[in-house]
Amino acid sequence: MRLRTSAGLLLLSLLMLVVLTACGAKKYEALPINEDVDVCAVCNMQVKDDAFATQLTTKDGKNYKFDDVGCMNQWKKENGTDKIGMDFVRDYNDKSWIQFSKASYVYDAALRTPMAYGVISFKDRASAEAFVKEQGVGTVLSADDLASHEWKQSAAMNMDMDMNHGEGHMNEGPGHK
Amino acid sequence: MTDILQVARREVKMGFRNPWAYSFLALFCTFSLSLLIINSQNIVQGYSAITGSMLSLVLYLLPLMTLFLGAFSLTAEKEEGSWQLLSTYPIGTLSFIIGKYTGLAVVLLVIIGFGYGLMGLISGLLGTSFDSSTYFLFLAFSAGLVLLFLTLALFIGSLSRNRWQALTISVSIWFFAVIGWPTLLISILGMVPYLWVKPLLVAATFINPAELVRLFVVVKLGGGSVLGPEYFQWVEWIQRPNGNLLFMSVCLLWILCSIVGVYKIWERGRTHG
Amino acid sequence: MMKYSHSRAGRQFLVLLLFPLLVVDLLFPLYSQPAYADSTSYPPGRSLQDIIDAAEPGDTIDLPPETYQGPVVIRTRVTLRGGGRATLINTTVDPAITILADGVTLQSINVQHDQDGKTTAIQVKANEVTLEGLAIHTGGYGIMLRDADRAKIIHNRIRWFIPQGQPAGERGNGIDLYNSHGSQIGNNEISYLRDGIYLENSRNTTVDGNKLTYLRYGIHCMYINGSKITNNVGEYNTTGAMVMGVTNVVVSGNSFAKQIRNVHSQGILLYDVRTSSITNNLVEGNRVGIYMEKSAENELRDNVALRNFIGIQLSQAAGNQFHRNGFIANVIDAEAVDSAENVMNGNYWDSFQGMDVDRDGISDIPYAINPFYQRLISRNSAYQLFFQSPGMNFLSDMFAGDKASGSVDQAPLMKLDTKAPIGAVRKDGTVMVTGWLLLFVSVITIIYLGVLRS
C-alpha cells in the first residue's frame with residue numbers, strides 16, 4: 001500500500017511541475033555557443049563563437065543556432081516565423097546578443113561572412129554607420145529593411161568585386177585587437 | 001557471514017542442478033557462435049554492425065535468462081516450503097537475501113563465462129580478428145547486465161506467489177525494459193513539453209538497467225558521438241578513465257537499493273507469517 | 001598587435017636559437033647543397049629581402065642553408081629554392097612571405113610562422129605561382145591565396161604548431177583559397193589546423209592526393225563549380241570533406257576514415273550539391289559515411305561505406321542516382337527523410353536479406369530505407385539516445401508500411417564483388433587464451449560446486 005501512495009505522490013508532483021512550466025511566464029535567453037557541438041541548423045557548418053553567430057528559440061523552447069544571419073533567414077523562409085519565441089543576432093564589435101528586430105545591419109556583397117550572405121549586425125545604428133564609414137562600403141539596414149532584402153550569396157554573383165575591403169575587415173576581426 | 005556463505009553455496013548447488021541453467025547456457029552459446037561465424041570475415045572492433053548485433057543479442061537473451069532463473073529460485077523457496085523451514089532457524093533475512101543474490105550471481109556469471117570462453121576459443125580457431133579490449137568490454141557488459149537484472153529478479157520472486165506469476169511478471173518486465181522501452185517512452189514523452197523530454201529521458205534511462213548498460217557499452221566502444229549533441233557531456237564523462245568507476249558506482253547503488261527493498265519485503269513477510 | 005609581439009621577444013629568442021640547429025642538424029643531416037650552373041649564390045649573412053630585391057625577373061635564387069628573418073615580400077618573378085635547408089622564421093603579424101608578382105616559384109623552403117589567428121605564413125596575390133616542397137609550421141594559416149589564379153601548390157607539408165612557451169592560439173586553415181580559380185593542389189600533407197584545404201569562390205580547382213589529418217574539416221569548399229576533389233586521404237578529422245553550394249564537381253577516389261570524434265562527424269558531407277559525380281570513394285569507420293542534404297541530380301556510384309555508425313544519411317535529397325554502392329558492416333546502412341524520387345539500383349546493403357529466385361545476383365524484393373528513426377530525431381535530437389536500441393528496431397519495423405515515402409532500391413545486389421579493405425586488428429592471442437581460461441574455470445566451478453558437493 002505504501003508503495004502505491006508514494007507512486008501516486010510522485011505522479012502528482014510530476015503533473016504539477018508540468019502544469020507549472022506550461023503556465024509560467026516565458027522568458028527567452030540567448031544560449032552560449034559551444035563550438036564543439038553547435039552546428040548551423042541550415043547549412044551544417046560548425047557555429048564559431050564569433051560575431052556572425054545567430055540563434056532563435058521557438059515557443060516550445062527548442063533552440064536553433066546558425067553560423068550566418070542569412071542561414072537564419074533561410075530557416076525562417078522554410079519554417080515560417082509563427083513558432084519563433086525570440087531570435088537573436090550579435091553585435092559585430094562586442095559580440096553581445098541582441099534581439100533580431102532591434103539590431104541594425106550592414107550589407108555589402110564584399111563583406112565576408114561564413115555563408116557569404118554579406119550581412120553583419122550591430123547593436124545600434126550609430127555603430128553600423130561608423131562601420132560603413134570606416135570600411136567605405138556597405139548599406140545600413142534595419143530589421144524591417146531585411147524583410148525586403150534579397151539575401152544573395154556573393155558567390156552566386158559576378159566575381160569581379162573589390163576584395164580588399166572585405167579582407168580589411170576580416171583582419172580587424174574580434175580577438176585581434 | 002557464515003550464514004550468507006551457507007545460503008550462497010546451497011544456491012549454487014541448486015543452480016547447477018537446474019536444467020533451466022543448462023538450456024540457457026546452450027541457447028547463449030548457440031547464438032553467440034552463429035553470430036561469430038556469420039561475421040567471421042569482418043573484424044570485431046569498435047562500434048560496427050557486428051558489435052551492434054552482438055549487443056542486441058545479449059540484450060535480448062541475458063535479461064530474460066536472469067529474470068527466470070532468479071525469480072524462480074525465490075518462488076521455489078516459498079512453494080517448496082523451505083523458506084518456512086529456514087525462518088524457524090536463527091538465520092537473518094538479510095543474510096538469506098544476500099546469500100541468494102551471491103549464489104545466483106555465481107551461477108549466472110559461470111554461464112556467461114562458459115559462453116564467452118567458448119566464443120573466444122572458437123574465434124581464435126576460426127581466425128576471426130577479435131579485438132581483445134572489445135572482448136573484455138562485452139564480458140564486463142554481460143556481467144553488469146546480469147548483476148543488475150538479478151536484483152529485479154529478486155523483486156519479482158519476492159512479490160509473486162508462485163512460479164506462474166513470476167513467469168508472467170518476468171516476461172512483461174523483460175518486454176518493457178528491452179523491447180517496448182522506446183515505444184513506451186516516445187508515446188509518453190510526446191505529451192510533455194519539449195524542454196522536459198531530455199531530462200525525463202535521462203532519468204528513465206537510469207531506471208532501466210538494459211538501457212543503462214547498453215549506452216555505457218556503446219560509448220566505450222567509441223560510438224558516443226552517435227548519441228548526438230544532447231549527451232555530449234555524458235559521453236565525455238564516461239570516456240574518461242574514471243568513467244568506469246562512475247558507472248560501477250551507479251550499478252552498485254542500484255544493487256544496494258534493490259537488495260534493501262527486497263529485504264524489506266521478506267522481513268515483512270516473516271513478521272506477518 | 002605590436003605590443004603582443006614585444007612581450008614574446010624573450011621566448012622567441014630561445015626559439016630562434018634552437019630552431020635552426022634542430023632543423024638543419026636533425027632533419028637533413030645528409031643533404032648537401034647542389035650547385036646549379038644557372039643560378040646565383042649569395043654570401044651568407046644578407047637579409048632575404050635584400051637578396052630578393054636584388055634579383056632580376058626570371059632569376060633563380062638558391063638560398064644558402066641558413067635561417068632568415070621574415071617577413072619578405074616578392075615583387076618580381078623569381079624562383080626561390082631553399083634545398084630543404086633554408087629556413088625562414090617570421091614573428092610578425094605580416095605573412096612570412098607575400099607574393100605579389102605573377103609566376104613566382106618557391107621550392108623546398110622551411111617556413112616557421114610564429115603568429116596565430118588570421119595571420120598566415122604565405123600569402124599569394126598573384127597568378128601562376130608555384131609553391132612546391134615547402135615545410136610550413138604555422139600558428140595561424142598556412143598558405144593563403146587571394147585573387148590568385150592558376151596556382152600550383154604541390155608536395156607541401158603544413159602543420160599547426162604552438163610557438164614555444166606560448167599558449168595555444170586560434171588556428172587557421174592549411175591552404176585557403178578565395179576567389180582564386182583554376183589552381184592545382186596536390187600531394188600536400190596537412191594536419192592539426194582548422195580546415196585542411198579551404199576553397200571559397202574558387203572554380204575549376206583540382207585537389208588531388210592530399211593527406212589530411214586531425215583537422216576540423218579536411219577539405220571544406222563552397223562555391224567551387226567545376227572543381228575536382230580526387231584521391232585524397234583523410235583521417236581523424238571532424239568531417240573529411242565538406243562540399244557545399246556547388247554544381248558540376250567531381251568527388252572521386254577519396255578515402256575518409258575514422259571521423260567519429262565529434263557529434264556531427266561525417267566522412268563526406270554534401271550540402272546543396274547539384275549535377276556532381278561522387279564516385280569510388282571509401283568511407284570507413286565514420287560516425288556517418290556520406291551525409292547528403294538539399295542536393296539533387298547527383299550521381300553516386302561505386303562508393304563503399306564500411307563500418308560506419310550510419311552508412312549514408314539523406315535529408316531533402318531528391319532526384320539523385322545511386323548505383324553499385326556498397327554498404328558493409330555499418331551499424332545502420334542508410335537513413336533517409338524527405339528524400340523521395342532518388343533512383344537507386346544495384347547497390348549492396350549487407351544488413352538486407354534479399355531473395356534471389358532467378359539467380360541473377362539481384363534481389364527480387366526491393367530494399368527500402370526506413371525513415372522512422374531519422375524522422376524521430378529530427379523532431380527532438382534527445383531521442384538519439386535510442387540509436388540502435390533493440391526496442392527501436394522493433395518500433396521502426398512496425399512502421400515499415402511507411403517505407404513507400406522513403407527511398408527504395410529496386411534491384412539491390414545479393415553480393416558485392418569489391419576489393420573493400422577489411423582491415424585487421426593486432427592478433428596477440430589474448431582473446432583465445434582468455435577464452436580457454438574462462439571455459440576452464442567455469443567448467444571446474446560447475447563440476448566442483450554443482451556436481452561433486454552433495
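In what follows, every chain begins at residue 1, and chains take the letters A, B, ... in the order their sequences are listed. Remember, it's a predicted structure, so these values are computed and weren't measured experimentally.
Crowding of B:Gln233 atom CD: a count of heavy atoms from other residues, nucleotides or ligands under 6.0 Å not exceeding 12. More than 12 heavy atoms of other residues, nucleotides or ligands shown are found within 6.0 angstrom of OH on B:Tyr60. The neighbour count for B:Gln6 CD, taken as heavy atoms of other residues, nucleotides or ligands under 6.0 Å away, does not exceed 12.
For B:Thr134, no part lies near chain C; criterion is any non-hydrogen pair under 4.5 Å. For chain C, the nearby part of B:Leu215 is the side chain; its heavy atoms alone come within less than 4.5 Å. Residue B:Leu125 touches chain C through both its backbone and its side chain, counting heavy-atom pairs closer than 4.5 Å. Heavy atoms closer than 4.5 Å to chain B are found in both the backbone and the side chain of C:Ser381. There is no contact between B:Ile111 and chain C, counting heavy-atom distances below 4.5 Å. Proximity to chain B (any heavy atom under 4.5 Å) is restricted, for C:Leu376, to the side chain, taken from C-beta onward. Proximity to chain C is limited to the side chain of B:Tyr135, based on heavy atoms less than 4.5 angstrom apart. At a 4.5 Å heavy-atom cutoff, the contact between B:Phe136 and chain C is made by side-chain atoms alone. Proximity to chain B (any heavy atom under 4.5 Å) is shown, for C:Phe386, by both the backbone and the side chain. Of the two parts of B:Leu59, only the side chain, counted from C-beta on, holds a non-hydrogen atom closer than 4.5 Å to a non-hydrogen atom of chain C.
The CG atom of C:Leu438 lies 10.5 Å from the OH atom of B:Tyr116; values are rounded to the nearest 0.5 Å. Distance CG/C:Asn393 to OG/B:Ser53: 10.0 Å, rounded to 0.5 Å. Rounding to the nearest 0.5 Å places CG of B:Leu227 at 9.0 Å from CZ of C:Phe309. Atom OH of C:Tyr383 and atom NZ of B:Lys198 lie 13.5 Å apart (nearest 0.5 Å). Note: C:Leu385 CG to B:Glu211 CD = 6.5 Å, rounded to the nearest 0.5 Å. B:Ser225 OG to C:His264 NE2: the interatomic distance, rounded to the nearest 0.5 Å, is 10.0 Å.
Per-residue heavy-atom pair counts under 4.5 Å with chain B were compared for C:Asn380, C:Asn330, C:Ile260, C:Leu437, and the maximum is reached by C:Asn380. When each of C:Leu439, C:Thr445, C:Val441 is checked for heavy-atom pairs under 4.5 Å with chain B, C:Leu439 comes out on top. For the set B:Gly52, B:Gly124, B:Gly228, the entry with the most heavy-atom pairs within less than 4.5 Å of chain C is B:Gly228.
Counting heavy atoms from C-beta on, the side chains of C:Pro390 and B:Arg214 come closer than 4.5 Å.
Looking only at distances, a side-chain donor or acceptor of C:Gln384 sits under 3.5 Å from a matching main-chain atom of B:Val226. Although no hydrogens or angles enter the test, the distance criterion places no donor-acceptor pair under 3.5 Å between the side chain of B:Tyr47 and the main chain of C:Gly285.
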### Stepwise side chain to side chain contact (heavy atoms under 4.5 Å, CB included) check, B:Ser123 with C:Val431
CA-CA 8 Å; B:Ser123 80; C:Val431 174; 3.9 Å; yes
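Contacts between residues 176-185 of chain B and chain C, defined by a heavy-atom separation under 4.5 Å, are made by B:Val178, B:Ile179, B:Trp181, B:Pro182, B:Thr183, B:Leu185.
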